[in-house]
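Predicted, not measured: the structure shown is a model, and the values here were computed from it. FYI, side chains are in, hydrogens and waters are out, and symmetry mates aren't considered; it's all heavy atoms of this structure. We number each residue from 1, following the sequence as shown.
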Amino acid sequence: MRHICLALSLGLLILTTACNGLLGKKEKNGNQSVARPTVTNSKTTEVALTKNYYAIDENQPVIIGEIKDGGLWLTFLEEEILPLGFTDKDSYRLPDYPIQVEGLQGSPKDFIIADIGQDFNPILCVLTDNDKVQMLSLSNTVVTGDLEVTEVPMEPIDKFEAGPGGPWDDGEGNIYYEYTTIYGVDAQGDKHEVPLYNLERDLEYVDHGQSADVVYQLFFTDDWKMRYVLGYYLSEKLEELQGRFWLIDEDWDEMVFVFGYEFTTRMEYTGEGINTTNVNSQGVFEMRYADFGNEGYYITPIDGVDFCNKGLNKPVKFNPCGVYGG
């Protein structure tokens, strides 16, 4: 627990979150350090903007972000990251020099690295000159090496700002906040919270009706990446689709959610190798919580990929991955 008074549990956080539907001279902004244009080394690489992420020691950055050479670069400081518990020293694989963020739609003109949630959870949010908002979970980057940002549908904004989220009144006029978050600030000064995905991440359905158990899997990340995997249970993969998804509608009372998605990469596992092709496959699906006594969600493909070959608009119960029986 850090930065703010956190009064409720993480479980309530999830529900409440949904219902609220630089180097040189530094100026601190929350856990950000901001500096303005600098020129470094004999190659006159221009650093247009640098912002640092701080965690335990507010004088020692953990991650340094820089806009330079038309791209966005991140430097991860291993000795500062390991105490945060994302991974251990034996598993840590990131270099100690700047690495470039991938997948930007346009040139970056502003960004922020700040926590979303009740603990250390550094999230990179980028605003490009195409007015695209894209994000990357940096805790996941530390674990997996993923550097690809994902587009987040938002109304036009001018900048980002970190601050408290989930306000509640104790009935005596005192306002408390449940977590820290990132806002996109528009031209009128209105703040729009940058969303994270916070439902079940790894789901599967196992079809026992064939000669071999066939498994259909759906994987989601908090920074809105999505994968669909088809294969044999506890055996080889046959096909994988990768892309992104986004929220269309939500009903937290009934625990029903509608998502759109776009797959852009297809991987076919032939036994002799992997054939990778670019695709453009879009669709919509509904996710409905089974009930509060059982794990899992009913997934209904509304448009696009028929995830389990059961037909569109037919719900199929997916369980958390590893629960045999699908």
Side-chain angles (χ1 to χ4, degrees), residues 10-11 13-15 18 85-88 91 117 121 136-137 139-146 148 150 195-247 250 255-269 271 274 276 281 283-302 304-312 314-326:
L10 181 58
L13 161 65
I14 293 176
L15 294 177
F86 301 140
T87 189
D88 57 32
S91 301
N121 185 30
L136 176 64
S137 170
S139 60
N140 186 55
T141 301
V142 170
V143 174
T144 69
D146 180 23
E148 181 128 6
T150 314
L196 284 185
Y197 173 78
N198 49 26
L199 300 174
E200 187 69 45
R201 297 188 183 188
D202 305 333
L203 292 167
E204 66 184 19
Y205 166 72
V206 182
D207 189 344
H208 303 288
Q210 304 182 33
S211 58
D213 291 344
V214 177
V215 61
Y216 305 90
Q217 296 175 313
L218 292 169
F219 299 99
F220 309 98
T221 68
D222 57 357
D223 54 358
W224 302 99
K225 296 180 176 71
M226 178 179 177
R227 293 192 298 133
Y228 165 71
V229 179
L230 165 64
Y232 295 114
Y233 196 76
L234 300 178
S235 186
E236 67 267 23
K237 296 179 183 179
L238 297 176
E239 181 182 4
E240 180 172 344
L241 294 170
Q242 300 177 351
R244 69 184 182 99
F245 70 113
W246 58 90
L247 181 67
E250 58 186 341
M255 292 294 288
V256 181
F257 311 89
V258 179
F259 297 98
Y261 66 85
E262 176 186 34
F263 292 129
T264 55
T265 302
R266 180 185 184 189
M267 304 172 70
E268 296 178 274
Y269 298 82
I274 304 174
T276 302
S281 176
V284 177
F285 68 94
E286 179 189 88
M287 179 184 292
R288 180 184 296 267
Y289 194 67
D291 61 58
F292 286 96
N294 295 297
E295 294 180 311
Y297 287 85
Y298 285 99
I299 304 294
T300 303
I302 298 172
V305 177
D306 179 3
F307 297 130
C308 299
N309 295 317
K310 302 291 185 182
L312 294 180
K314 293 184 179 180
V316 176
K317 187 182 178 183
F318 278 66
N319 287 323
C321 283
V323 181
Y324 187 78

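Two residues are said to be in side-chain contact when any heavy atoms from C-beta on lie closer than 4.5 Å; Tyr297 and Tyr289 meet this criterion. Proximity of Ser139 to Val142: side-chain heavy atoms (C-beta onward) are nowhere separated by under 4.5 Å. Residues Thr276 and Thr265 meet the side-chain proximity criterion, which asks for heavy atoms closer than 4.5 Å. Within the 4.5 Å cutoff, the side chain of Val215 has no heavy atoms near those of the Tyr232 side chain.
For Thr150, the side-chain hydrogen bond (donor to acceptor under 3.5 Å, both in side chains) test picks out Lys225, with sequence neighbours left out. For Thr141, there are no side-chain hydrogen bond (donor to acceptor under 3.5 Å, both in side chains) partners at least two apart in sequence or on another chain. For Phe263, the ring pair (Phe, Tyr, Trp, His ring centres under 6.0 Å) test picks out Tyr261, with sequence neighbours left out. Residues forming a ring pair (Phe, Tyr, Trp, His ring centres under 6.0 Å) with Phe245 (at least two apart in sequence, or on another chain): Tyr197, Phe220, Trp224, Phe259. For Arg244, the salt bridge (charged side-chain N to carboxylate O under 4.0 Å, His left out) criterion is met by Glu151, Glu262, not counting sequence neighbours. For Lys310, the salt bridge (charged side-chain N to carboxylate O under 4.0 Å, His left out) criterion is met by Asp207, not counting sequence neighbours. Asn140 pairs by the side chain to side chain contact (heavy atoms under 4.5 Å, CB included) definition with Ser137, Thr144, Asp146, not counting sequence neighbours. Residues satisfying the salt bridge (charged side-chain N to carboxylate O under 4.0 Å, His left out) criterion with Arg266, sequence neighbours excluded, are Glu239, Glu268. Remark: Glu200 engages no residue in a side-chain hydrogen bond (donor to acceptor under 3.5 Å, both in side chains) (not counting sequence neighbours). For Arg227, the side chain to side chain contact (heavy atoms under 4.5 Å, CB included) partners are Phe219, Val229, Lys237, Glu240, Gln242, not counting sequence neighbours.
Interatomic distance, Cys308 SG to Tyr228 OH, rounded to the nearest 0.5 Å: 6.5 Å. Taken to the nearest 0.5 Å, the CG atom of Asp222 stands 6.0 Å off from the CG atom of Asn121. For the atom pair CG (Leu199) and CZ (Phe257), the distance works out to 4.5 Å, reported to the nearest 0.5 Å. We find the OG1-CG distance between Thr300 and Leu312 to be 10.5 Å, quoted to the nearest 0.5 Å.
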Criterion side chain to side chain contact (heavy atoms under 4.5 Å, CB included) on Tyr269 and Leu238, from CA distance to verdict: CA-CA 5 Å; Tyr269 298 82; Leu238 297 176; 5.8 Å; no
Could you walk me through whether Asp202 and Leu218 pass the side chain to side chain contact (heavy atoms under 4.5 Å, CB included) check? CA-CA 6 Å; Asp202 305 333; Leu218 292 169; over 6 Å; no
Ile302/Glu286 under side chain to side chain contact (heavy atoms under 4.5 Å, CB included): CA gap, chis, key distance, verdict: CA-CA 7 Å; Ile302 298 172; Glu286 179 189 88; 4.1 Å; yes
Determine, step by step, whether Val214 and Leu230 satisfy the side chain to side chain contact (heavy atoms under 4.5 Å, CB included) criterion, reporting the C-alpha distance in whole Å, the side-chain angles of both residues, the deciding distance to 0.1 Å, and the verdict. CA-CA 7 Å; Val214 177; Leu230 165 64; 3.5 Å; yes
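The shortest heavy-atom contact between Gln217 and Cys321 is NE2-SG, 3.9 Å. Minimum heavy-atom separation, Val258 to Leu247: O-CD1, 3.6 Å. Closest heavy-atom contact between Leu203 and Met287: CD1-CE, 4.1 Å. The two residues Phe307 and Tyr216 come nearest to each other via the heavy atoms O-CD2, 2.9 Å. The two residues Phe285 and Pro301 have their closest heavy-atom pair at CB-CA, 4.2 Å. Among all heavy-atom pairs drawn from Glu148 and Leu136, the shortest one is O-CD1, 3.4 Å.
Contact check on Asp306 versus Lys314 returns no salt bridge, with no Lys/Arg side-chain nitrogen under 4.0 Å from an Asp/Glu carboxylate oxygen.
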